[in-house]
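What follows is a single structure, written as structure tokens, with notes after it.
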Amino acid sequence: MEEKTPIDPVEYRPALKKIRLRRLILWIVILAYLPAMMWALDSPEYRIRVTIVFSTWIVLLIIAVVFACIVRCPRCGECFHTHGPTFLPFRRCLHCALHVNADKRAAEAEPPKAKYAKK
Ligand SMILES: [Zn+2]
């Protein structure tokens with residue numbers, strides 16, 4: 001029987017960085033709603049501003065969600081946050097349970113090399 005060597009999660013780093021970036025953009029867009037709406041309402045011409053802010057925000061939200069939906073898991077190749085029609089922005093892949101910080105955790109699990117090595 002052939003033995004499979006486990007893939008080091010550090011090799012997933014570029015793809016996991018992309019997933020983390022898209023998650024960050026999604027949360028920034030979601031959290032920007034309240035301050036943007038407060039700014040829009042704090043004006044004599046609030047009706048125009050609220051319309052512009054809400055329209056812009058909903059377009060940005062749709063774009064951020066679409067980009068978060070279509071990002072692929074580096075381990076299984078499936079959509080990281082999407083299972084069927086359901087979008088769930090969890091921190092693990094919905095198909096293979098790869099954690100979004102698997103590359104960082106792998107690096108932390110290794111003992112420090114040069115700094116504490118005996119000479
Ligand atoms: Zn996966």
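What you see below is based on every heavy atom in this structure, not just the backbone, and it leaves out hydrogens, waters and symmetry mates. Just so you know, ligand 1 is whichever comes first in the structure, and atom 1 is the first atom listed for that ligand.
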Next on the checklist: If we only look closer than 2.8 Å, how many protein N, O or S atoms does the Zn ion (ligand 1) have near it?
Outcome noted: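 Considering protein N, O and S only, the Zn ion (ligand 1) has 4 within range.
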
Checklist entry - Tell me, which pairs form a ring pair (Phe, Tyr, Trp, His ring centres under 6.0 Å) where one or both residues lie in residues 68-91, sequence neighbours left out? => result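 Output for this query lists H83-H95.
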
Checklist entry - Can you tell me if CD1 on I48 sees more than 12 non-hydrogen neighbours from other groups inside 6.0 Å? => result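 Counting other residues, nucleotides and ligands, CD1 of I48 stays at 12 neighbours or fewer.
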
Checklist entry - Is it the case that more than 12 heavy atoms not belonging to F67 sit under 6.0 Å from its CZ atom? => result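 12 or below, so no.
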
Checklist entry - Does the R75 side chain pair with the main chain of C96, one donor and one acceptor, at a distance under 3.5 Å? => result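 Yes: the side chain of R75 pairs with the backbone of C96.
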
Checklist entry - Please, which pairs that meet salt bridge (charged side-chain N to carboxylate O under 4.0 Å, His left out) have at least one residue in residues 78-92, sequence neighbours excluded? => result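 Every candidate salt bridge (charged side-chain N to carboxylate O under 4.0 Å, His left out) pair involving residues 78-92 fails, so no pair, neighbours aside, qualifies.
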
Distance-only donor-acceptor hits, side chain of residues 28-46, under 3.5 Å, sequence neighbours excluded:
residue, atom, partner, partner atom, Å
S43, OG, E45, N, 3.2

